[in-house]
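In each ligand, atom 1 is the first atom listed, and ligand 1 is the first ligand listed. The structure displayed is predicted, hence computed values, not measured ones.
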Amino acid sequence: MCGIIGINGATEVCFDLLSGLKRLEYRGYDSAGIVTLYNGSFSRQRAQGKLVNLERKLKECPVPGNVGIGHTRWATHGAPTELNAHPHQGKHVALVHNGIIENHAELRANLKDVPFESETDSEVIVHLLDAYLDKGCDWGEAIHALLQDLKGAYALAILFKEWPDVLVGVCSGSPLVVGYGTEERLFLASDVVAFAPSCAEATYLEEGDWVELNKGQVTIHPKKALSTVTRPRVPISRDQECITKEGYQHFMLKEIMEQPTVLDRALKMYRTQDCQITKKYDWKQISSLSIIACGTSFYAGCVAKYWFEKIGRLPVSVDIASEFRYRDPTLLPGSCALFISQSGETADTIAALRFVKQKGIPCIGLVNVPESSIAREADSILQTQAGIEVGVASTKAFIAQLAILSALVVEIASLRGTIPHEEKASLQQDLMAISGLVTETLKLSIPLQTLAPRFGQSKTALYLGRGSLYPIALEGALKLKEISYIHAEGYAAGELKHGPIALIDDKMLIIVLAPYNDLFEKILSNVQEVLARKGQVVFFTDTHGMRALGQLESQITVYILPAVSPFLVPIVYTIPMQLLAYYVATFKGADIDQPRNLAKSVTVE
Ligand code: M6R
């Protein structure tokens with residue numbers, strides 16, 4: 001989940017590499033570096049920590065040359081130090097790597113007498129290539145030999161001292177894309193966003209491809225072969241260019257605030273794309289649906305399970321991708337699989353998709369990045385159209401996932417004959433009103449700020465919800481953990497007395513999601529259980545729920561949300577969870593958009 005960029009052209013590349021890295025910083029930010037090739041020697045600058053540290057060094061001492069590669073790292077093997085930062089370089093080559101070389105220990109052991117400079121798995125590739133070149137291979141033969149050695153997932157960008165016109169890319173299990181700039185300037189990156197302002201067109205490399213960028217010429221070779229292949233050049237969407245905070249202090253707040261627009265756009269988009277999905281499969285005959293995802297996208301899948309089962313009477317299993325792929329799951333004929341991912345590049349979700357596809361089960365992808373690996377590999381695709389999400393904590397992409405999933409559920413339920421026409425119309429009407437309710441809910445932004453100090457001083461919090469709000473309790477807890485580093489757990493409220501109640505004392509904050517519905521009385525009993533143990537309750541409900549609280553109101557902190565149909569409560573109740581996490585993290589002075597140890601896109605397993 002590191003970011004890679006390479007540029008080969010007729011003009012200096014140093015600061016363009018840096019700009020590309022800035023656009024890739026969402027992929028990792030614990031160290032960064034660039035190397036260029038000039039007059040037969042490499043010039044390298046690396047720095048620990050965020051890109052600003054590298055930028056400072058480059059301003060003092062820029063690296064010369066018209067060809068170069070850069071990297072922003074999320075550490076896997078070896079601490080985030082300057083020595084472990086990429087690019088790594090040897091006698092003949094310099095390279096950057098995204099992914100994991102699984103057999104690095106074995107390869108390292110075979111490279112006797114080679115002085116290793118870092119603890120990374122990546123450096124082994126440098127020394128392997130050097131060894132092949134020392135034996136007399138040319139660069140192409142060395143790459144071809146290397147590819148037979150490596151096991152694992154990798155995207156590489158490589159420079160060869162003896163071939164100064166050549167920039168090589170290799171992609172196996174990690175994406176790589178070629179960009180065509182002006183005046184024959186060529187780019188290579190792990191995400192098109194890195195070079196979008198400079199290129200009108202791109203070529204997405206396919207699994208196993210390796211590519212040579214040389215004086216305006218792009219030559220692509222298929223997996224482990226010396227033959228060549230042609231891959232299409234596609235236009236780059238202009239959306240990829242605009243990444244600004246639009247006056248907000250953080251991307252996360254901007255992304256939270258734009259959710260009404262995101263909802264409208266997602267639902268509009270759904271109306272144009274639903275036909276593919278709903279007409280492509282015979283939903284009456286589909287026996288079950290497997291939903292597979294990670295993190296916040298997994299929680300969107302958990303909400304969808306409640307919806308599909310209640311409204312569409314379709315049995316659904318929801319799996320965390322990293323568990324699914326190794327548990328030898330049973331996939332019944334007649335079933336269908338849905339992969340949810342904002343980035344479309346999450347390594348475990350992609351691996352699960354490939355596994356299911358191999359079994360002949362139809363695979364649907366629900367993604368936010370239309371050019372992503374999942375979008376390209378799934379049999380059919382639904383787009384969330386949330387726009388680029390920069391904040392590492394996912395907000396608007398989650399809301400857009402819920403919007404698309406809710407619209408899909410209504411359509412599928414109608415096709416399966418589990419809801420009458422009038423109910424379909426009424427659910428669709430609820431959907432049309434949802435962005436207005438979210439706008440209203442966003443007004444909680446101001447009152448919720450006053451809660452921040454209470455949370456900011458706390459070490460732990462419990463989030464409780466029932467039914468389709470249970471996954472929102474999980475999502476609320478994840479948001480708080482990710483950006484404020486406060487320990488938080490989400491629980492199905494009914495589970496409280498099966499263990500977590502032991503944690504409750506007068507310091508424990510308990511967030512309760514409780515719209516007034518058929519489960520309200522049950523959740524109120526849970527609140528009583530908490531209060532009896534002196535826990536501090538923060539209660540999110542609607543005006544009806546507020547009235548039903550009676551005397552209890554004086555013992556808890558209540559926030560009132562707009563009344564919403566039971567179907568769509570997860571969308572509305574997500575909003576205060578996001579705002580709360582944001583304001584608590586701001587109060588603590590945390591790095592909101594780039595929280596410690598995280599990266600936006602988890603492209604290693
Ligand atoms: O891009 P994806 O939706 O596949 O990413 C999955 C998770 O890595 C992601 O949702 C992660 O949990 C977020 N940081 C949550 O805010």
Checklist outcome for this item: In ligand 1, the atoms that come under 4.0 Å of a heavy atom of K479 are 15 (C), 16 (O)
Checklist entry - Relative to the ring of F540, is the ring of Y559 parallel (under 30°), tilted (30 to 60°) or perpendicular (over 60°)? => result parallel
Checklist entry - With a distance cut-off below 6.0 Å to the six-membered ring centre and an angular limit of 45° from the axis, does R596 pair with Y485 as a cation-pi contact? => result yes
Next on the checklist: Out of all atoms in ligand 1, which are within 4.0 Å of some heavy atom of V392? Include the element for each.
Outcome noted: 13 (C), 14 (N), 16 (O)
Checklist entry - Considering only heavy atoms of S394, which atoms of ligand 1 have at least one such atom less than 4.0 Å away? => result 15 (C), 16 (O)
Checklist entry - Who's the nearest protein heavy-atom neighbour of atom 4 (O) of ligand 1, and how far? => result T346 OG1, 2.4 Å
Checklist entry - Taking the six-membered ring for Trp, are Y582 and H250 parallel (under 30°), tilted (30 to 60°) or perpendicular (over 60°)? => result perpendicular
Item to check | Any side-chain donor near an acceptor of the partner, E345 and S373, under 3.5 Å | outcome: yes
Checklist entry - Counting from 1, what ligand 1 atoms have a heavy atom of S343 closer than 4.0 Å? => result 1 (O), 2 (P), 4 (O)
Checklist entry - Does any donor atom in the side chain of E255 or Q578 lie under 3.5 Å from an acceptor atom in the other side chain? => result no
Next on the checklist: Out of all atoms in ligand 1, which are within 4.0 Å of some heavy atom of A393? Include the element for each.
Outcome noted: 16 (O)
Checklist entry - Tell me: protein heavy atom nearest atom 7 (C) of ligand 1, and distance? => result C294 O, 3.7 Å
Checklist outcome for this item: Taking only non-hydrogen atoms of E482 and a 4.0 Å limit, the atoms of ligand 1 in range are 13 (C), 14 (N), 15 (C), 16 (O)
Checklist entry - Does the side chain of T296 pick up a donor-acceptor pair with the side chain of E475 at under 3.5 Å? => result yes
Checklist entry - Side chains of K223 and S172: donor-acceptor distance under 3.5 Å anywhere? => result no
Item to check | Distance filter under 4.0 Å to S341 heavy atoms, resulting ligand 1 atoms | outcome: 1 (O), 2 (P), 3 (O), 4 (O)
Item to check | Charged N-O contact under 4.0 Å between E258 and K396 | outcome: yes
Item to check | Numbering as shown, the atoms of ligand 1 that approach S297 to under 4.0 Å (heavy-atom distance) | outcome: 2 (P), 3 (O), 10 (O)
Next on the checklist: I need the nearest protein heavy-atom contact for atom 8 (O) of ligand 1: residue, atom name and distance, please.
Outcome noted: V602 CG2, 3.9 Å
Item to check | Check: T296 N/O within less than 3.5 Å of ligand 1 N/O | outcome: yes
